[in-house]
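Here the structure comes first, spelled out in C-alpha cells, and everything after it is commentary.
All values below were derived from every heavy atom in this structure, side-chain atoms included, with hydrogens, water molecules and symmetry-related copies excluded. So that the names make sense, note that chain A is the first sequence line, chain B the second, and so on, each numbered from 1.
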Amino acid sequence: MVRIDGRGDANSLIRARGLSKTYQRGSEAIHVLQGLNLDVDAGDFVAFMGPSGSGKTTLLNLLGGLDVPSAGSVTVAGDEITRMSARKLTAWRARHVGFVFQMYNLIPVLTAFQNIELPLLLTGLSKAERSRHVETALAVVGLADRMHHYPRQLSGGQEQRVGIARAIVADPTFLLCDEPTGDLDRKSADEILDLLERLVGEHGKTALMVTHDPLAAERARVVLHLEKGVLVDTVTAGRAR
Amino acid sequence: MKYGHLILSGLLRKKIRTGLTAGSFAVALFLFAILAVVRGAFQQGVDVAGADRLVVLNRVSIIQPLPLAYRDRLARIPGVTQVTFANWFGGVYQDERNFFPQFAIDRETYRQMFPEFVVPDAEWQAFLADREGAIVGEALAERFTWKVGDRIPIRGTIFPGTWEFNIRGVYRGQRVQDDTSQFWFRWDYLDERKSFAKGFVGWYTVRIADPDAAVRLVKTIDELFANSPSETRTDTEKAFAASWVKQMGNIQLLLLSIGSVVFFTLLLVAGNTMAIAVRERTRELAVLKAVGFSNGFVLTLVIAETLVVAAVGGGVGLGLAKLFTLRGDPTGGLLPFFYLPPSVIILGAALALAVGLMAGILPALSAAKLRVVDALRRV
Ligand SMILES: Nc1ncnc2c1ncn2[C@@H]1O[C@H](COP(=O)(O)OP(=O)(O)O)[C@@H](O)[C@H]1O
Ligand SMILES: [Mg+2]
C-alpha cells in the first residue's frame, strides 16, 4: 500500500510525515517541499513524476538520508533517520539504501567488479564472500561476462546495470533511483526498467524511482506527482500484479 | 589491504601528474640528502674530535711554528697525560689537483694519541724502522691504488725539493666518519732534511686526564707561554675543528636556507596537486559517501594517497642519493668524508612523509567536508 494522506499505519516500511525542505538562495527562501506525507510498504515500486525543479531529487535525498529536512520526519523500518547524527546516518545508508543515479556515477578507474564491490568493503565479509556477492549481483543484471571491464569500455545501458548491481549488492532495504533511464536510449531504458521490475517482482525489493518518462512510470505499481511541495493525485498504473 | 586498490587507482588515474609529483619529492629528497652529506663532510672534523684532546697553536697564526722544547714543558703540566706534535707539509703528488693532507708526525707518540686510526703492529714497526717510511689512510691508498712497499715522490712547496717516501703501512678508521685520506711520514726525517725552522713543530696535541678541566687547562697552557717569543693559542680539538668549518663561511645557514626553500616549494607543489586531484573527483568522493563511506574514511583515503606519493618519491630520491655517495667524494679530495648516514636517511624519510601529510591535509579536509547532495548536483 502507498498512501499520501499521512494515515498509513505503523507497518509501512518508509514513512514521511510533514516533510518540508526550504532552501535559502540569497534573501529568497525557496520552499521546495511543504509538509509532504508518504507511506510505502515493503515490496512496493513507486514512481515520482513532476516538472523539473519540483523537488523530486530533494525528496529522494531526504528519504535516503543524504540530506536533512527543514521540518518533519522520515522513519524507515522503525528507525527515525531524521533524528540520527551524521555519523550514524552514514552507517545507516550503508546498510539500508541502494542509490541508482542518472549519471551512473561509477568510478572510472575501477573495474565493474570493483565498483560493485565498494559497498561490501564496509561490511565484515571476507574477500571470497565479497566475490560471491558481486558475482551474484553481476548475474542478476546480466553482466557476468563484463566484470573486468572498465566503465569506459561499457555502453550506457551496461554502465547503468553496473550501477544497479552496486546498489543491490549489499542487499539494502530499499532502492532509490533518480532518473535511472534519463540518459539512455529507448532500448537500453526498457532493459533497465525490465531489470528494476524484476528486482521488485522476483527478488522482493522495494524501489522508489524518479522519472520524466511516462513509459517508465507505467512500469511502477504506483505513480505519484509532486506539485507545489506535496504529493498529489495517486494514479495507479494499469499493470496490477 | 582491503582498500589498497582504492588508493592505487586514485593515483594511477593521472599517471603523469602522479609521476611528476613523486618526481618533485625525489628531487627534493635527493637534494636534501646531498646537502646533508656536504654538511656532514664539513662537520666531520667536529664530530670526530676527541673530547679529551687540546690543540696548541702559535698565537700569531696557524702557519707559525712552535719550538720543540715546548713538548716537555707541556708534558709536565698537571692534568696533561700525553703530548704529541705534527707539521703540515703541503706537498704536491704529481698534480696540484691530487690534493690530500700530508703530516709529518712524531713517531713516538702520534699513534697513541689518535687510537681511532688503526695501524697493524707489524706495519707500524716497519714505519719506525724506515726514515723515509710513510703511513697512508685506506681511502687515500684506494684513490691512488697504492700498496705497502710503493715509493711515492712528493714535491715540497713549503719545504723545497722532491721527497720520496716508502709506504710502510695503511691505517683505517674505527668509525666511518674517521678521515682516512691522510698521508703521514716521520717528523724527524723532515727536521733533518729541511733547511729552516729546525727544531720547530707545527702544533701540539695534548691529552688531558679530565675533559671537564679543559677550560682551566687551556688557560694554564696559554699563560705558561705568555710573554715568550712563541706565545700559544690553545683550544679543544672540537673548537679547533669548528673554527675551521667557520672559515668556510656559514655553510650550516646556507644549507638550511636552501633546504627550507626546497621543502616549502615541494609543499606548495604537492598541496596544489592534491587539491586539484580532489576537486576533479568531487563526484566520485560524493558517491563513496552516498554508498556509506564515512567522512573520516574519505579523509584518510586522500591523505594515504599523498603519503604513498611522498614515500615512493622520497624513497627514490634517497636511494639515488645513497648510490651517488657510494661512488665517493665527487670533488676528488676536498670532502674526504662523503657519506650518507642512516640517520639522514631516516630524517629524510620522516621529512618526506611530513610534507606529504601537510600537503594532503587541506585537500583531505575539504574532501571530508564535502556534502554529498551538493557534490552530486554539480555537473
Ligand atoms: N542546495 C540548494 N540550494 C538552493 N536551492 C536548491 C538547492 N538544491 C536544490 N535547490 C532548488 O530546489 C528546487 C528543487 O530541486 P530538485 O529537488 O533538484 O528538483 P527536481 O529533482 O525535481 O528537478 C530547485 O528549484 C532547485 O534549484
Ligand atoms: Mg532531479
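- For A/His133, the NE2 atom sits in a loose shell: 12 or fewer heavy atoms of surrounding residues, nucleotides or ligands are nearer than 6.0 Å.
- Taking CD from A/Gln114 and CG from B/Leu6, the interatomic distance works out to 8.0 Å, rounded to the nearest 0.5 Å.
- We find the CG-CG distance between B/Asp374 and A/Asn61 to be 9.5 Å, quoted to the nearest 0.5 Å.
- Of all heavy-atom pairs spanning B/Phe293 and A/Thr90, the tightest one is O-CG2, 3.5 Å.
- B/Arg377 has its side chain within reach of A/Thr58: a pair of non-hydrogen atoms, C-beta onward, lies under 4.5 Å apart.
- The contact between A/Arg130 and chain B is made entirely by side chain atoms (from C-beta outward), counting heavy-atom distances below 4.5 Å.
- Of the atoms belonging to A/Thr123, it is backbone heavy atoms, and not side-chain ones, that fall under 4.5 Å from chain B.
- Listed here is the closest heavy atom pair of A/Ile107 and B/Glu284: CG2-OE1, 3.5 Å.
- Residue B/Phe264 places its CZ atom among 12 or fewer non-hydrogen atoms of other residues, nucleotides or ligands, all under 6.0 Å distant.
- Interatomic distance, NZ of B/Lys2 versus CG of A/Leu120, reported as 9.0 Å (0.5 Å rounding).
- For chain A, the nearby part of B/Val372 is the side chain; its heavy atoms alone come within less than 4.5 Å.
- The shortest distance between side-chain heavy atoms of B/Lys289 and A/Leu66 does not fall below 4.5 Å.
- For the residue pair B/Ala290 and A/Phe99, the shortest heavy atom distance occurs at O-CE1, 3.6 Å.
- When the heavy atoms of residues 7-32 of chain B are compared with those of chain A, the residues falling under 4.5 Å are B/Ser9, B/Arg13, listed by number.
- Surrounding CZ of B/Arg175 are more than 12 heavy atoms belonging to other residues, nucleotides or ligands, all under 6.0 Å away.
- Other residues, nucleotides and ligands contribute more than 12 heavy atoms inside 6.0 Å of the CD atom of A/Glu129.
- A/Arg95 places no side-chain N or O within donor-acceptor distance of the main-chain N or O of B/Gly292, the cut-off being under 3.5 Å.
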